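Okay, structure first, notes after.
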Amino acid sequence: MRNLAFLVIVAASAMMACSTAPRERAVSITAKPNFKSDPDFKDYHTFETDGPDGRRSIYWPDTAPKPKRMDKNRYYTLDLFEEEWKPFSNDPERVFWRPELFRVHDGGKLLYDASVCGKHHTQMERKLVKISYGLPSRTPEWMALRKNAPNEGTVLGGCCVDENRLETRTWVCPVCKSIHDDSVARMSHENQ
């Protein structure tokens, strides 16, 4: 049943794609935990794998099973979405696939599911969104909105605009989106 749901989400993502949208593919791998951490950012971990189709370095979300709690002698199944990414050089031969963790399974037990909103516990949709470049606001209103609606669909891209990467896919929670839209409309009305 979980594979059917995974395929439905993949098919929906493929139908949303248009010529300017990056391609996305679903990948499932089975591997033993092999985590690397960044000495400058103690909570930043990647899951490293080598396989027949190459090496992957998968960013490990804070909400996924804690690296220290995963048994290094067990095999886990990781479902990923990989999005096509072309670097700044416009060399059409240079294409990378950026992996994003979707689900983690320990045998038949689901340990992590990125498609469920951690704040509202609702099923989310994978949507194509525009990347927001520039520095985000740090006002108290903005910070409260990010806390109350963390999965509303905004993807921050940093200070430098990457013309090769204007859109991406992300999980969007309908409750977060509604909270965000209502708050933005209210703040806009108050500022008139």
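Nothing here was measured: the structure is a model prediction, and the numbers come from that model. Heavy-atom basis, side chains included; hydrogens, waters and symmetry copies ignored.
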Could you state the interatomic distance from [atom1] ([X]) to [atom2] ([Y]), rounded to the nearest 0.5 Å?
X: Thr170; Y: Arg126; atom1: OG1; atom2: CZ; result: 6.5 Å
X: His45; Y: Lys36; atom1: NE2; atom2: NZ; result: 12.5 Å
X: Leu80; Y: Ile29; atom1: CG; atom2: CD1; result: 5.0 Å
X: Glu48; Y: Ile58; atom1: CD; atom2: CD1; result: 8.0 Å
X: Arg56; Y: Asn34; atom1: CZ; atom2: CG; result: 14.0 Å
X: Met124; Y: Cys176; atom1: CE; atom2: SG; result: 7.5 Å

Closest heavy-atom pair and its distance - [X], [Y]:
X: Tyr133; Y: Gly157; answer: CE2-O, 3.3 Å
X: Phe47; Y: Pro33; answer: CE1-CA, 3.5 Å
X: Asp113; Y: Ser115; answer: OD1-OG, 2.6 Å

Report task. Check the hydrophobic clustering (I, L, V, M, F, W, Y; side-chain heavy atoms under 4.5 Å; chains of links allowed) and say if Leu111 and Leu78 are grouped together. Result ->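 In one cluster: yes.
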Side chains of [X] and [Y], heavy atoms from C-beta outward: is any pair under 4.5 Å?
X: Glu152; Y: Leu145; answer: no
X: Lys68; Y: Phe35; answer: no
X: Asn151; Y: Trp171; answer: no
X: Leu166; Y: Val161; answer: yes
X: Glu125; Y: Pro174; answer: no
X: Lys32; Y: Lys72; answer: no
X: Thr168; Y: Val129; answer: yes
X: Phe81; Y: Leu101; answer: no

Query - Salt-bridge present (Arg98, Glu83; N to O < 4.0 Å) - result: no
Query - Asp181/Lys177 ion pair, N-O < 4.0 Å - result: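 Salt bridge between Asp181 and Lys177, a charged N being under 4.0 Å from a carboxylate O: yes.
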Query raised in the report: Taking everything shown except Arg69 itself, do over 12 heavy atoms lie less than 6.0 Å from its CZ?
Result: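 No.
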**Report entry** Within 6.0 angstrom of Tyr75 OH, more than 12 heavy atoms from elsewhere
**Finding:**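 Check fails, neighbour count at 12 or below.
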Query raised in the report: Could you go step by step and tell me if Asp106 and Met70 meet the side chain to side chain contact (heavy atoms under 4.5 Å, CB included) rule?
Result: CA-CA 10 Å; Asp106 181 2; Met70 294 181 74; over 6 Å; no
Is a donor on one side and an acceptor on the other found under 3.5 Å between the side chain of [X] and the backbone of [Y]?
X: Glu167; Y: Pro22; value: no
X: Trp60; Y: Lys66; value: no
X: Tyr76; Y: Asp71; value: yes

Report task. Mind running side chain to side chain contact (heavy atoms under 4.5 Å, CB included) on Trp85 and Asp162 for me, showing each step along the way? Result -> CA-CA 11 Å; Trp85 180 70; Asp162 181 349; 3.7 Å; yes
**Report entry** Donor on one side chain, acceptor on other, Asp79 and His105, under 3.5 Å
**Finding:**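 The answer is yes; a qualifying pair exists.
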